Amino acid sequence: MNEEEIKRKIEALKKEINYHNYCYYVLDSPEIPDAEYDRLFRELKKLEEENPHLITPDSPTQRVGAAPLEEFNRIRHLTRLFSLDDAFSEGEVLEFDQRIRKGLGKNVEFTYVAEPKIDGLAVNLLYENGIFVSGATRGDGEVGEDITQNLKTIRSLTLHMLDSDIPHPSRIEIRGEVYISKEDFIKLNDERIAAGEPIFANPRNAAAGSLRQLDPKITASRSLNIYLYGMGLCEGIEFLNHYDFLQTIKKWGFRVNPEIKICHKIEDVLEYFKYIENKRNELEYEIDGVVVKVNEFELQRLLGEKTRAPRWALAIKFKPEEALTIVEDITVQVGRTGILTPVAKLTPVNVGGVEISRATLHNLDEIRRKDIRIGDTVTVRRAGDVIPEVVSAIKSKRTGKEKIFEMPTACPVCGAHIIREGAYFRCTSISCPAQIKEGIKHFASRGAMDIEGLGDKLVDQLVEKEIVKDLADIYFLKADKLANLERMGKKSAENLIKAIERSKRCQLSRFIYALGIKLVGEYTAKLLADNFHSIENLKKKTEEELLEIDGIGPEVASSIVNFFKEEENLRVIEKMFSAGLVIEKTEAKKGRKFEGKSFVFTGALKSFTREEAKRIVEAEGGKASSSVSKKTDYVVAGEDAGSKLDKAKELGVTIISEDEFIEMINK
């Protein structure tokens, strides 16, 4: 390139990087993965190093981050917060060590400190005489956002230093990383999905978004945590090295990462990097690499800083677990429970050392929320052993040729009707090859047809060898054919045939439950049997007729009607009857203690588990529901009862204690 072309390239890179800085630091909504940002930054940095006369003060390489949000007051840091240079290979780490040794001289002895690089939000905390005064985000390195009140909601952050054998400094800046654990991140997103709110793309976004809430109560509900790792200004006390500083602040009550380690040579650092990389998925928090620092503060001062990063520290990054690729097509997989899952067919891309060509899109609502289209350039992520997923679409790269995806109207595996249940679509056929194994296992289970000997491994063989293609085929099995299967002898085969024959005479409620109708459990199956007395009656009922039964809601009624609409399901049932299946009509039992009564349990129970209490109620003819309504007869309030108790009071439902419930049982 000539100089004019280089200049245009630099300006284009600066513009793109500044845009992504804005998305990442200001909006907390990055459009591209970290690896792609790093590539752009390194390209710009290389061009500027080769052409130093083209470096301008507004270049992203000359400052850290972006300007803070306007919603918060600004705080000027007492000492600047620098970013870190990155290394992506062993060679770059060794070059870093050579620069350190060259800068200090051959005869200077020193050590390194290595620590996990947590993927959270950097903060700067100011303490005066041991008391927390203020806290701010890093911002542009010199001025950050005042998030003092939000930081106070983090329980692991000490607000008043503990006394120790080392006196508190009169004033000190302590740097740390606020994060949300993997487990809490999943819980938070589950709560947001339930509330109809957009989910966070990753734990870093969740931590940043939580700390930037204007209402500290919202921040307090987000289960944030913090590790402290660095020092800015320090007055009234002097530390010789970084490791001693960390050990001291631990005594003062600060949370310091237990994985931090002293390394005596660069080979120890590389060994530590491999150790952390192998342990990465076991850690409770997300990390994207390892930070290594010269331990001795005096040597840090001798080495100094560049424009945006210290010469004495380095971030060694893992192989990127996010990358950019193209959605070539969107297909649909049918799971073992009949749920249809959209899957993106991708242009193969290497993510975290693994080539990815497919990634889950979860469901249609997620596709619509993220606005992912066939032909889009997208970010894909692979975390640990988790199935790869599409994170977001890069809308700025659209050409207008992208296509909006629609779910199929029939099952792509068997052609049966598709029904929608909340966010998910499901195949209604009990003979669908994608779900037949699970259907057989459920059909043969103890609460259903109770076919002893029809275990998981045998079911797998029967389906894979195409001996059983639908539930009714179970009743056409022969002992001689079974005896030839793996781990099946003549005696085992004969015993299984006897168990199958015994199951041909069963109660209606068991048979209804065994069919595996979505949302129809054992209790609902009993309700249906007690009210309709035969499969012939049940399959003719409308949703309106089903809703007349106390305990049958709209979703259950819809699921039952859709099940019996499917011709394949009716065919399989008729095939069972042709094999000699006999259903014994079961009348509703009379005189049971809780006949026709509805119970809701809330709070912690002392005498039994929630499931045990439910079984007791159902055994006595009642129903145990998960929600309070006007039809609820009793709410049993245990310890720390929550919103269900408030709802019961509001509706005037009878509230009883656990002891009163036990008295009712024992009457």
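Since we're looking at a predicted model, the values are computed, not measured.
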Using 30° and 60° as the class limits, which term best fits the ring planes of Phe661 and Phe599: parallel, tilted or perpendicular? perpendicular
[X] (side chain) donor-acceptor with [Y] (main chain) under 3.5 angstrom:
| X | Y | value |
| --- | --- | --- |
| Lys518 | Phe563 | no |
| Asn363 | Tyr424 | no |
| Asp633 | Ser598 | yes |
| Ser429 | Ser431 | yes |
| Asn537 | His533 | no |
| Gln435 | Cys432 | no |
| Asn562 | Ser558 | yes |
| Lys630 | Gly652 | no |

Please indicate whether Arg368 has more than 12 foreign heavy atoms, meaning atoms of other residues, nucleotides or ligands, lying under 6.0 Å from its CZ. yes
Flag if over 12 foreign heavy atoms under 6.0 Å of CD, Glu555: no
Thr524 side, atom OG1; Tyr513 side, atom OH - distance, nearest 0.5 Å: 10.5 Å
For the atom pair CD (Glu574) and CD1 (Ile535), what is the distance rounded to the nearest 0.5 Å? 10.0 Å
Can [X] and [Y] be counted as having a side-chain donor-acceptor contact under 3.5 angstrom?
| X | Y | answer |
| --- | --- | --- |
| Thr219 | Gln213 | no |
| Glu31 | His20 | no |
| Tyr475 | Ser503 | yes |

I'd like to know if [X] pairs up with [Y] as an ion pair, taking the criterion as any Lys NZ or Arg NE/NH1/NH2 lying under 4.0 Å from an Asp or Glu carboxylate oxygen.
| X | Y | result |
| --- | --- | --- |
| Lys575 | Asp473 | yes |
| Lys279 | Glu282 | no |
| Lys187 | Glu183 | yes |
| Glu277 | Arg280 | no |
| Glu366 | Arg369 | yes |
| Glu464 | Lys437 | yes |
| Asp460 | Lys441 | yes |
| Asp376 | Lys401 | no |
| Asp371 | Arg398 | yes |
| Glu286 | Arg204 | no |

Residue pairs fulfilling ring-ring contact (aromatic ring centres under 6.0 Å, His included) with at least one residue in residues 538-560, sequence neighbours excluded: none
Which is it for Glu568 and Cys414 under the side-chain contact (heavy atoms from CB on, under 4.5 Å) test, yes or no, and what are the steps along the way? CA-CA 10 Å; Glu568 175 62 15; Cys414 70; over 6 Å; no
Mind checking side chain to side chain contact (heavy atoms under 4.5 Å, CB included) for Ile467 and listing every partner two or more places apart, or none if nothing turns up? Leu462, Lys465, Leu477, Lys481, Leu485
Full working for side-chain contact (heavy atoms from CB on, under 4.5 Å) between Ser223 and Ser181: CA-CA 8 Å; Ser223 301; Ser181 72; over 6 Å; no
Decide side-chain contact (heavy atoms from CB on, under 4.5 Å) for Asn569 and Val572; before the verdict, give the C-alpha distance in whole Å, the side-chain angles of both, and the deciding distance to 0.1 Å. CA-CA 5 Å; Asn569 297 343; Val572 170; 5.9 Å; no
